[in-house]
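On a predicted model such as this, the values are computed, not experimentally measured, just so you know.
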Amino acid sequence: MNLKQKIQQFAKTIGIDLIGFTTAEPFEETERILQELSKNIGSEFPFINHTAKVRCNPKHIMPNARSIISAAISYTVSEEKLPKRDDSPFLGWISRYAVSRDYHIIMEKKLQQVAEYIKQIKPIEYKIFVDDGLMVDRAVAQRAGIGWFGGNTCIFTEEYGSWVFLGNILLDIEIEPDTPLHNKCDRCGRCVKACPTGALVEPYVVNPYRCLSYITQMRGCIPREFRPLMSKRIYGCDTCQYVCPKNHEIKAGDHEEFYPLITPYPDLISILNMSKKEFDITFGKTAAGWRGKNIIQRNAVIALGNYKDERAGDVIKKALLHPSPQVRGHAAWALTRIEGYNYKNELEKAIRRETDEYAKREMLYSLENGGEPNE
């Protein structure tokens, strides 16, 4: 058994579903795409412009790199392992990947085990990367034969669809590379049509500024045009994955590490009432917890507004007193969405006591324009 086969066998024993190998040669096509994207949408989006040349050339990251190991772990679990829905009338929605333990920690630990295993056989230098922006994870996975690019820009695997976490190991030794898989995306266009914000401009072309996965995680003020489109989402968006036919009949990974710690359908009122301690206990170990309580509560108040249900009115009104000006500002917008609610009186009172300039501007705009987008 050669080194490559030994690594493959060991990876299976520690719960890595798929493992592939490629060279440390530059990802020239990916660099071209990233540079083109930066011209079309701007250079401020993380990891697109000034770092593209570094990210797409492994030798810029590790000069003596000769091979890359790409690993994938499925994060889907069987239906019976999912928490039951709460009977609350106001449920939010969290992306599938974000309800279990933080995958960065789990994947990095497994890749560290692989690297240490190799070191027992042969001296190596290595670097590990898990979704940290330094490597083009999807391009590596594609070239290493893990999967192919779908029209929604996700990597799709034969057994597990696109519901996989990716990670890489850069190595200073040569390992026989694998052959890329045949691309099975048939450009049916379902992901493009289903995208709530039009972030998928066409198959394989995404405007990340319009993607709800990014928008629900962004700091500060969410542009008004996107707030109704968020619907009940409070973290992430899996729409383009759910509609893809390649994800309809797949195998569940059922890894215990990725059993849900929280429900994908949390009670929005409970979230808005959470203390910092309660938030840390509930969300702290999940991938959804890294942005913090105020971001999640900001999104929760938007989701409540999108219900347009008068029963949520008093809960949103209470959020006008929230410690975070971001939550207070978005609560003003959400209150205008409640059908039949006398929001003007509440906003006038909130404006008189408001001391934060951002929150006051949001409240004034909502008072004058309701839930309409800014011009």
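- Counting only heavy atoms from C-beta outward, the side chains of Leu304 and Leu272 approach each other to under 4.5 Å.
- Criterion: ILVMFWY side-chain heavy atoms under 4.5 Å apart, direct or through other members. Under it, Val130 and Phe258 are part of a common hydrophobic cluster.
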Side chain to side chain contact (heavy atoms under 4.5 Å, CB included) between Met135 and Ile68, intermediate numbers included: CA-CA 11 Å; Met135 290 278 289; Ile68 312 173; 4.0 Å; yes

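- Proximity of Gln326 to Asn294: side-chain heavy atoms (C-beta onward) are nowhere separated by under 4.5 Å.
- Arg298 and Ser324 share no donor-acceptor pair across their side chains, judged by distance under 3.5 Å alone.
- Heavy-atom contacts from other residues, nucleotides or ligands closer than 6.0 Å to CD of Glu249 number 12 or fewer.
- Taking hydrophobic clusters as Ile, Leu, Val, Met, Phe, Trp and Tyr residues chained together by side-chain heavy-atom distances below 4.5 Å, Leu347 shares a cluster with Ile316.
- Here the straight-line distance linking atom CD1 of Ile118 with atom CD1 of Ile7 works out to 3.5 Å at 0.5 Å rounding.
- Comment: Arg210 engages Glu225 in a salt bridge, judged by a side-chain N to carboxylate O separation of less than 4.0 angstrom.
- Surrounding CD of Gln5 are more than 12 heavy atoms belonging to other residues, nucleotides or ligands, all under 6.0 Å away.
- Leu170 contributes atom CG, which lies 12.5 Å from atom OH of Tyr126 (distance to the nearest 0.5 angstrom).
- For Ser78 (side chain) and Glu80 (main-chain N/O), no donor-acceptor pair under 3.5 Å exists by modelled atom type.
- Across all non-hydrogen atoms, the minimal contact from Ala11 to Ile19 is CB-CD1, 3.7 Å.
- Looking only at distances, no side-chain donor or acceptor of Lys59 sits under 3.5 Å from a matching main-chain atom of Glu25.
- Residue Glu278 places its CD atom among more than 12 non-hydrogen atoms of other residues, nucleotides or ligands, all under 6.0 Å distant.
- The residues Glu357 and Lys360 are annotated as not salt-bridged, no charged nitrogen and carboxylate oxygen being separated by less than 4.0 angstrom.
- At least one donor-acceptor pair closer than 3.5 Å links the side chain of Asn299 to the backbone N or O of Thr216.
- The line from CD of Gln297 to NE2 of His330 is 13.5 Å long, rounded to the nearest 0.5 Å.
- What you find for Ile169 and Ala115 is that their closest heavy atoms are CD1-N, 4.3 Å.
- Residue-environment remark: CD (Glu348) exceeds the threshold of 12 foreign heavy atoms within 6.0 Å.
- Surrounding NZ of Lys318 are at most 12 heavy atoms belonging to other residues, nucleotides or ligands under 6.0 Å away.
- Cluster membership check: Ile14 shares its hydrophobic cluster with Tyr117, using side-chain heavy-atom separations under 4.5 Å among Ile, Leu, Val, Met, Phe, Trp and Tyr.
- For the pair Ile73 and His255, the minimum side-chain heavy-atom distance is below 4.5 Å.
- Residues Phe165 and His104 have side chains not in contact (no heavy-atom distance under 4.5 Å, counting atoms from C-beta outward).
- Counting only heavy atoms from C-beta outward, the side chains of Val315 and Leu268 never approach each other to under 4.5 Å.
- The local environment of NZ in Lys12 is crowded, with over 12 non-hydrogen atoms from other residues, nucleotides or ligands closer than 6.0 Å.
- Proximity of a side-chain donor or acceptor of Gln241 to a complementary backbone N or O of Asp238 within less than 3.5 Å is not detected.
- In the hydrophobic clustering of this structure, Leu200 does not group with Tyr204; members are Ile, Leu, Val, Met, Phe, Trp, Tyr whose side-chain heavy atoms approach within less than 4.5 Å, directly or through other members.
- Using a 4.5 Å heavy-atom cutoff, the side chains of Asn247 and Ser162 are in contact.
- Distance alone, capped at 3.5 Å, places no donor-acceptor pair between the Lys285 side chain and the Leu261 backbone.
- A donor-acceptor pair under 3.5 Å is absent between the side-chain atoms of Asp137 and the main chain of Leu166, judged by distance alone.
- Two different hydrophobic clusters hold Ile281 and Ile262 under the rule that ILVMFWY side chains link at heavy-atom gaps under 4.5 Å.
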Stepwise side-chain hydrogen bond (donor to acceptor under 3.5 Å, both in side chains) check, Thr239 with Arg233: CA-CA 11 Å; Thr239 298; Arg233 299 172 181 84; 2.9 Å; yes

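- Considering only heavy atoms from C-beta on, Pro228 stays 4.5 Å or farther from Lys308 through its side chain.
- For the pair Tyr242 and His248, the tightest heavy-atom approach, listed with the atom from each and the gap, is O-NE2, 3.2 Å.
- Using modelled atom types, no side-chain atom of Arg101 and backbone atom of Thr286 make a donor-acceptor pair closer than 3.5 Å.
- Inter-residue side-chain proximity for Glu257 and Lys109 is flagged as unmet; no heavy-atom pair is nearer than 4.5 Å.
- Atom-to-atom distance recorded for Met230:CE and Cys237:SG is 10.0 Å, nearest 0.5 angstrom.
- Put simply, CD1 on Ile250 and OH on Tyr160 are 10.0 Å apart, with the number rounded to the nearest 0.5 Å.
- In this structure, Lys119 places its NZ atom where only 12 or fewer heavy-atom neighbours from other residues, nucleotides or ligands lie under 6.0 Å away.
- Considering every non-hydrogen atom in both Met363 and Ala350, the closest pair reads SD-CB, 3.8 Å.
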Working for side chain to side chain contact (heavy atoms under 4.5 Å, CB included), residues Leu320 and Arg353: CA-CA 10 Å; Leu320 293 171; Arg353 66 173 178 261; 3.9 Å; yes

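- A donor-acceptor pair is defined here as one N or O able to donate and one able to accept, closer than 3.5 Å; such a pair exists between the side chain of Ser67 and the backbone of Ile173.
- A distance of 9.0 Å separates OG of Ser74 from CG of Leu18, quoted to the nearest 0.5 Å.
- Because its NZ or CZ atom is not both nearer than 6.0 Å to the ring centre of Tyr235 and within 45° of the ring axis, Arg291 does not count as a cation-pi partner of that residue.
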Evaluation steps, side chain to side chain contact (heavy atoms under 4.5 Å, CB included), between Lys344 and Leu367: CA-CA 6 Å; Lys344 293 189 176 182; Leu367 180 63; 3.9 Å; yes

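- Residues Ala141 and Ser70 approach most closely at CA-OG, 3.4 Å, considering heavy atoms.
- Taking the six-membered ring for Trp and the full ring otherwise, the centers of Trp333 and Tyr343 sit at least 6.0 Å from each other.
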Verdict with supporting geometry, Phe129 and Ile61, side chain to side chain contact (heavy atoms under 4.5 Å, CB included): CA-CA 11 Å; Phe129 303 91; Ile61 301 169; 3.4 Å; yes

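- Classification of the Phe283-Phe279 ring pair by plane angle, with boundaries at 30° and 60°, yields parallel.
- Under a 3.5 Å cut-off, the side chain of Lys246 and the backbone N or O of Lys184 do form a donor-acceptor pair.
- Annotation: Gln9, atom CD; neighbour count of heavy atoms from other residues, nucleotides and ligands within 6.0 Å does not exceed 12.
- Counting all heavy atoms, side chain and backbone alike, Cys191 lies closest to Gly151 at SG-C, 3.8 Å.
- The pair Glu362-Arg224 counts as a salt bridge, with a side-chain nitrogen and a carboxylate oxygen less than 4.0 angstrom apart.
- In this structure, the side chain of Asn183 engages the main chain of Phe149 through a donor-acceptor pair within 3.5 Å.
- Classified by interplanar angle (parallel below 30°, tilted 30° to 60°, perpendicular above 60°), the ring pair Tyr75/Tyr97 is perpendicular.
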